[in-house]
Amino acid sequence: MPDRVPSRARPDADDPGASMSDEHTGSSGAGIRPATADPAPERLEPRGLDRPATDPAERAAFGRPDGVTSGFDRAGDHAAATNGTTNGAAPAAPPPTAAVARAFGRPDTDGGLQRPPSEEVSRAAQPGGDDAPFWPGGSATDPWRDPDTPVVAAPPPGDDTPAPAADRPAGPRLSVREVLFGGRVAPRALALLGVLALAIGALGGLVGHWVASGADSLTSPGAVLASTGEAKERPPGSVPDVAGRVLPAVVSLEVTVGNQAGNGSGVVIDPQGYVLTNNHVVAPALGPGQGRVEAVFSDGSRHPASVVGADPMTDLAVVKVPVANPTVAAIGRSADLAVGDGVVAIGSPFGLTGTVTTGIVSAVNRPLRLDPEGSAGDAVIDAVQTDAAINPGNSGGPLVDAAGAVVGVNTAIRSADSGQSGGGQGGSIGLGFAIPIDTARAVAEELIRTGRVVHADLGVNARSVTDGSDDGAQVQNVVGDGPAAAAGIAEGDVVVSVAGRHIAGADELVVAVREHKPGEQVPVGLVRQGRPLTVTATLGQR
């Protein structure tokens with residue numbers, strides 16, 4: 001810290017000449033001013049508190065009594081300010097109630113509140129009088145008041161091991177009579193009860209022996225009973241499981257026209273009683289005669305059925321049965337089928353209702369032209385081929401997969417004596433055909449809505465041809481002003497593809513065109529005079 005520069009001493013009050021100061025204000029020595037005494041600064045007194053006026057009502061309710069200026073009233077001040085007192089003493093408070101005295105009063109056996117309640121000696125008996133310590137030996141020995149007392153952790157509560165309970169002496173043992181009857185039965189009566197129980201047991205043994213001897217006499221002594229094995233299991237997906245779930249949804253359709261009758265099958269596809277079947281099954285009832293269709297369910301109940309609509313081009317029809325809460329079959333997807341998948345055919349072949357046969361999918365997308373019987377003569381289906389036994393009467397019944405979902409409608413068979421058949425009498429040789437459920441569902445929905453189905457048409461007639469390496473459908477004639485004529489397709493052209501699907505024959509050309517909707521534009525691949533050609537045709541309707 002730098003040394004303080006000594007300044008000139010102020011002039012004494014007794015030195016009249018010491019009234020000037022040589023204090024310099026600059027480095028050149030100029031600016032000398034007279035050292036006059038500074039006037040004393042003015043001291044500010046504390047301002048008075050601004051106390052707003054209080055409401056008389058609030059002051060009367062919350063203020064101190066008159067004459068009391070502090071929080072603790074002295075007896076003299078209060079006595080002087082109390083009105084109506086002549087001796088200067090404060091008015092006595094009313095005595096407490098009995099309940100308040102019991103709750104907050106001093107104990108009757110204790111002389112004061114400054115002694116432990118357990119201390120039995122009185123204050124006067126304590127050594128030292130009022131200043132006697134609470135603890136023997138003085139408060140200095142109290143560990144809670146001694147700052148030098150070491151800290152010791154007390155054990156947690158409950159760690160003390162309880163003393164083992166003393167073993168009880170064993171009491172006298174009870175007799176059987178005391179246990180069973182509480183000692184209230186005499187020994188003679190107990191013996192009588194034992195004898196009676198033995199007599200009843202002996203009588204039961206004699207009766208059992210007599211019954212067993214009588215049963216042995218019913219059979220020959222030399223008879224040998226066949227042994228039985230464990231019960232057969234029917235896991236989900238097995239043929240018994242599938243048949244048990246689908247059979248209640250399959251009906252047998254009996255068609256009667258005059259004195260003639262026929263039968264077929266159907267499957268319930270809607271809770272309102274709509275049944276899907278083949279057109280050739282119900283076609284006789286749609287003729288000029290008074291035909292009648294009756295549905296027979298698996299439980300034997302019979303109900304009349306009415307034809308909602310039929311489509312001869314796909315050989316499908318829908319009938320309605322007035323039945324409440326029928327069992328509805330689950331509908332699957334035929335597009336997911338693969339060759340080799342297991343399938344089950346259910347129907348009424350030759351009138352044998354509830355017949356179940358099993359097989360596999362032999363082929364898919366098999367174009368098949370049906371016999372003209374019961375159809376318009378141009379019924380062509382893109383069939384699912386199966387080796388499951390299908391016979392006349394199976395027509396219209398469901399073809400289901402291993403999950404029990406309907407994937408096709410059994411429609412036709414190929415037999416040795418009748419060729420392709422939609423309802424002939426030829427037997428099954430393992431070549432059965434079903435309409436894919438994807439096609440059948442679309443047709444059924446349209447029949448239920450409108451009663452008829454409109455199909456796409458190219459406007460040509462064709463025949464199947466092959467040149468030894470490639471197959472196709474050769475156009476025989478073209479309908480004038482039809483879709484094919486507008487697209488430039490001429491007679492003699494060979495159609496080899498429609499919308500990317502290869503065409504191997506005339507039947508496949510029909511099913512390939514019907515896969516699309518009327519008004520849709522599709523590319524058509526042709527071979528004209530040995531040269532490939534592709535045209536775009538806007539399909540019409542039929």
Side-chain angles (χ1 to χ4, degrees), residues 240 242-311 315-331 344-357 373-374 388-400 404-406 408-412 422-425 434-435 437 440-441 443-445 447-448 451:
V242 172
R245 289 188 284 117
V246 180
L247 270 173
V250 180
V251 299
S252 176
L253 297 177
E254 297 181 356
V255 181
T256 304
V257 180
N259 296 328
Q260 297 182 351
N263 73 291
S265 304
V267 58
V268 181
I269 59 173
D270 188 87
Q272 297 182 2
Y274 290 104
V275 176
L276 178 64
T277 185
N278 283 136
N279 173 66
H280 71 261
V281 172
V282 298
L286 300 177
Q290 297 296 325
R292 181 168 55 90
V293 180
E294 193 173 30
V296 182
F297 285 81
S298 59
D299 59 356
S301 60
R302 291 174 173 268
H303 301 274
S306 58
V307 180
V308 176
D311 180 37
D315 196 21
L316 290 170
V318 175
V319 300
K320 187 174 184 181
V321 182
V323 59
N325 299 323
T327 302
V328 180
I331 304 300
V344 176
I346 304 176
S348 303
F350 299 106
L352 303 175
T353 61
T355 299
V356 177
T357 56
E373 178 185 354
I390 297 176
N391 291 282
N394 274 114
S395 296
L399 183 72
V400 299
V406 180
V409 178
N410 301 322
T411 301
Q425 297 301 314
I435 301 173
I437 194 60
R441 177 169 49 190
V443 172
E445 291 175 351
L447 289 176
I448 293 173

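Just so it is clear, the values below take in all heavy atoms, side chains as well, and ignore hydrogens, waters and symmetry mates.
- Rounding to the nearest 0.5 Å gives a distance of 9.5 Å between CG of Asn263 and OG1 of Thr353.
- For the atom pair CG (Asp315) and OG1 (Thr411), the distance works out to 5.5 Å, reported to the nearest 0.5 Å.
- A pairwise comparison of heavy atoms in Ser348 and Gly264 identifies CB-O, 4.3 Å as the closest pair.
- With rounding to the nearest 0.5 angstrom, the CG atom of Asn278 is 10.0 Å from the CG atom of Leu253.
- Across Gly309 and Leu447, no two heavy atoms sit closer than the pair O-CD1, 3.7 Å.
- Here OG1 of Thr357 is found 8.0 Å from CG of Asn391. Values are rounded to the nearest 0.5 Å.
- With a 4.5 Å cut-off on side-chain heavy atoms, Val268 and Phe297 count as touching.
- Under the 4.5 Å side-chain criterion, counting only non-hydrogen atoms from C-beta, Val321 is not in contact with Val251.
- Nearest approach of Pro349 to Asn394, heavy atoms of both residues: CB-OD1, 3.3 Å.
- Sorted by first then second residue, the side-chain hydrogen bond (donor to acceptor under 3.5 Å, both in side chains) pairs that include residues 292-311, not counting sequence neighbours, are Glu254-Arg302, Glu294-Arg302, Asp299-Ser301, Asp311-Thr314, Asp311-His455.
- For the pair Ser265 and Thr277, the tightest heavy-atom approach, listed with the atom from each and the gap, is O-OG1, 2.7 Å.
- Annotation: salt bridge (Lys or Arg N to Asp or Glu O under 4.0 Å) contacts involving residues 318-331, sequence neighbours excluded, are absent.
- Closest non-hydrogen pair, Asn410 versus Ala345, comes out as ND2-CB, 3.8 Å.
- Rounding to the nearest 0.5 angstrom, the gap separating the CD1 atom in Ile331 from the CD1 atom in Ile269 is 6.5 Å.
- Side chains of Val242 and Ile346 form no contact here, defined as non-hydrogen atoms less than 4.5 Å apart.
- We find the CD1-CG distance between Ile435 and Leu316 to be 4.0 Å, quoted to the nearest 0.5 Å.
- Among residue pairs with one or both ends in residues 259-271, none qualify as salt bridge (Lys or Arg N to Asp or Glu O under 4.0 Å); sequence neighbours excluded.
- Residues Val257 and Gly291 approach most closely at CG2-CA, 3.9 Å, considering heavy atoms.
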